[in-house]
Each structure stands twice: as structure tokens, then as C-alpha cells.
Amino acid sequence: MSIRTPQKYIYYALQLYSSGLSLRKTSQRLFPIIKRNHVSIWNWIQSYKPQKILQKKKKVMEFIIDETLLKVSNEYVWLWVAIEPIDKIILGIRISVERSMLIAERFIHELSTTYGKQSISTDGGTWYPQACKFLKLEHHLHSTFEKSIIERTIQYIKDRTESFDDYFPCRKYNCKLEHVMNWLNLFVYMHNKMIVESMVK
């Protein structure tokens, strides 16, 4: 990323682009506060890699997983979230129009592929034990502590998502939710980055 551009403006540009604006419209929206053309914004997008923040990750001991309904325009989708219990870093997110064992299995499989096979902590939704059994993973119900931190994380995401939708509401007919996932990925990147930076200090 360009060292001449303050990071907060780069994040703002990424947020605008993630909301569904084109490169040129993002540049125009940014123009009143800082002059950058669409090529610069394209370079920022190419430099932005959410997975970089966890390249030096410590070993993950457990996946704490839960799901919640999220409103997008006039529709509702399921938001799946996985965190680890020590630093509360968000390990993965997924959105889906349905809630089922198959979707839970795919989500957990992606986590296991990235971080290795770990025990799974959930609220006991019937789709989780079945998915864990299929993947040959240990499953247990949330402890009071696990329930508390996953619920706080999800509420935090929902609060920020509601604010985002107030400013950039979805108006696309038959929306495929790509811009929603783009914004969530950016949110996770920034959330994890702040946690990692706080641990370094």
C-alpha cells in the first residue's frame, strides 16, 4: 500500500469499493478528502489480503462457532462466525440463505483446512453434531465463557453491519450478496489487525 496515503483513507476506499461502487465512483467519493485516481484504488485492493493478518498465527486450540440472522435489504441471511477463545480473533465467516448440516460441514471443513482439526464448541444446534461426526471432529456445547465471547463477537458484528447498511443499503434486485461478503471480509481484517497490534504493544 502507498506510504503516502494515510491508512484510514485506504480503509475508507476499500469500504466504499466493498459496498458495490466501481473504482471510478470510489475515487470520486474519496475526492473531497484526498485525491486518488481509480488506479491507486485498484492497487490498494490488490495489496489488501485479509489472510495476511494471521500468517504468523499461534496454534488454534478450539473453534467456537455460532450463527445468527442478518438482514440484507428486505431479506434475511445466516451469518456464521468462528472465533478462537484466547484472543477472540475471528477465524472465519460465511453467509448463507439456509441453515443446514451441509453448510455447517462446509464451514467447519474450511476452518479445519486452514487451522487444522480442532474441537468444536457450539450452542448445540442439531446441524453441528452431525457435521462434526461426518468430519470426525470432537464436539461439545458452549461453556458459559465460550457462550459469552461468541455472543459478544456476533453482536459486535451485527451492530457494525447495521451501521454499514444505513449508509450503503443494498438496492440490487436478486442480490448475490457478494458486496456483503466483501464488506464482512474487510471488517474481519480490521478487527483482527487491531487485536494483533494490541498484542504486539
Side-chain angles (χ1 to χ4, degrees), residues 11 14-15 18-19 48-72 76-100 103-129 131-132 137-168 177 179-201:
Y11 286 158
L14 291 172
Q15 185 180 38
S18 296
S19 74
Y48 158 63
K49 300 292 182 183
Q51 61 269 30
K52 280 185 178 181
I53 197 67
L54 293 177
Q55 280 182 347
K56 297 182 179 179
K57 60 183 180 295
K58 59 182 177 57
K59 185 176 180 181
V60 175
M61 305 301 295
E62 177 186 38
F63 303 139
I64 303 176
I65 303 175
D66 204 351
E67 81 291 333
T68 188
L69 277 174
L70 199 65
K71 188 174 183 181
V72 180
Y76 284 92
V77 297
W78 289 101
L79 170 68
W80 305 73
V81 180
I83 64 173
E84 57 86 29
I86 306 302
D87 300 308
K88 292 80 173 178
I89 285 174
I90 299 175
L91 302 174
I93 55 172
R94 170 185 279 264
I95 53 176
S96 64
V97 295
E98 297 178 346
R99 180 176 60 173
S100 67
I103 294 170
E105 182 270 323
R106 287 176 179 171
F107 184 48
I108 295 170
H109 176 70
E110 289 173 358
L111 293 168
S112 299
T113 300
T114 303
Y115 301 101
K117 292 187 175 183
Q118 312 297 340
S119 66
I120 311 295
S121 169
T122 76
D123 62 359
T126 56
W127 39 89
Y128 290 121
C132 290
L137 296 174
E138 179 186 344
H139 171 267
H140 64 272
L141 298 180
H142 292 322
S143 66
T144 302
F145 169 73
E146 291 164 339
K147 181 179 180 181
S148 173
I149 61 175
I150 188 64
E151 286 183 350
R152 286 202 306 267
T153 300
I154 285 182
Q155 190 58 52
Y156 177 62
I157 295 173
K158 291 183 74 172
D159 289 345
R160 298 304 183 273
T161 303
E162 182 180 8
S163 176
F164 171 78
D165 193 55
D166 288 342
Y167 290 99
F168 304 104
L177 305 179
H179 69 292
V180 178
M181 200 63 210
N182 286 340
W183 186 86
L184 286 170
N185 281 329
L186 177 61
F187 172 85
V188 168
Y189 168 78
M190 296 175 68
H191 170 81
N192 289 345
K193 184 175 186 294
M194 288 188 294
I195 291 177
V196 171
E197 288 178 347
S198 69
M199 291 189 294
V200 173
K201 293 179 180 179

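Just so it is clear, the structure is predicted and the values come from calculations on it, not from any experiment. This chain uses plain numbering: 1 for the first residue, then up along the sequence.
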Identify the heavy atoms of [X] and [Y] that sit nearest to each other, and give their distance.
X: Trp80; Y: Ser100; value: CH2-O, 4.1 Å
X: Ile108; Y: Ala131; value: CD1-CB, 4.3 Å
X: Gly116; Y: Phe63; value: O-CZ, 3.4 Å
X: Ala82; Y: Ile65; value: CB-CG1, 3.9 Å
X: Leu91; Y: Tyr115; value: O-OH, 3.3 Å

Interatomic distance, [X] atom [atom1] to [Y] atom [atom2] [nearest 0.5 angstrom]:
X: Leu141; Y: Thr122; atom1: CG; atom2: OG1; value: 6.0 Å
X: Ile95; Y: Leu70; atom1: CD1; atom2: CG; value: 8.0 Å
X: Ile120; Y: Phe107; atom1: CD1; atom2: CZ; value: 9.5 Å
X: Ile154; Y: Ile93; atom1: CD1; atom2: CD1; value: 11.5 Å
X: Ser121; Y: Ile83; atom1: OG; atom2: CD1; value: 9.0 Å
X: His109; Y: Leu137; atom1: NE2; atom2: CG; value: 10.5 Å

Problem - With His142 via ring pair (Phe, Tyr, Trp, His ring centres under 6.0 Å) - residues at least two apart - result: none
Hey, does [Y] have a side-chain heavy atom less than 4.5 Å from the side chain of [X]?
X: Glu67; Y: Trp127; result: yes
X: Ile90; Y: Ile157; result: yes
X: Asp123; Y: Ile150; result: no
X: Asp66; Y: Thr68; result: no
X: His140; Y: Ser119; result: yes
X: Met61; Y: Ile86; result: no

Problem - N/O donor-acceptor pair under 3.5 Å between Ser148 side chain and Thr144 backbone - result: no
Problem - All pairs passing salt bridge (Lys or Arg N to Asp or Glu O under 4.0 Å) where residues 139-157 contributes a residue, at least two apart - result: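 Found none.
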Completion exercise
Contacts satisfying salt bridge (Lys or Arg N to Asp or Glu O under 4.0 Å) that involve residues 104-119 (not counting sequence neighbours) are Arg94-Glu110
Problem - Working for side chain to side chain contact (heavy atoms under 4.5 Å, CB included), residues Val60 and Leu111 - result: CA-CA 10 Å; Val60 175; Leu111 293 168; over 6 Å; no
Practice task
Give the intermediate values and the outcome of ring-ring contact (aromatic ring centres under 6.0 Å, His included) for residues Tyr156 and Phe187.
Solution key: CA-CA 11 Å; Tyr156 177 62; Phe187 172 85; 5.5 Å; yes
State which residues pass side-chain contact (heavy atoms from CB on, under 4.5 Å) with [X]; sequence neighbours excluded, sorted by chain then number.
X: Tyr76; value: Leu69, Lys71
X: Pro129; value: His139
X: Met190; value: Tyr11, Leu186

Practice task
May I ask you to check whether over 12 heavy atoms, not counting those of Met181, lie within 6.0 Å of atom CE?
Solution key: yes
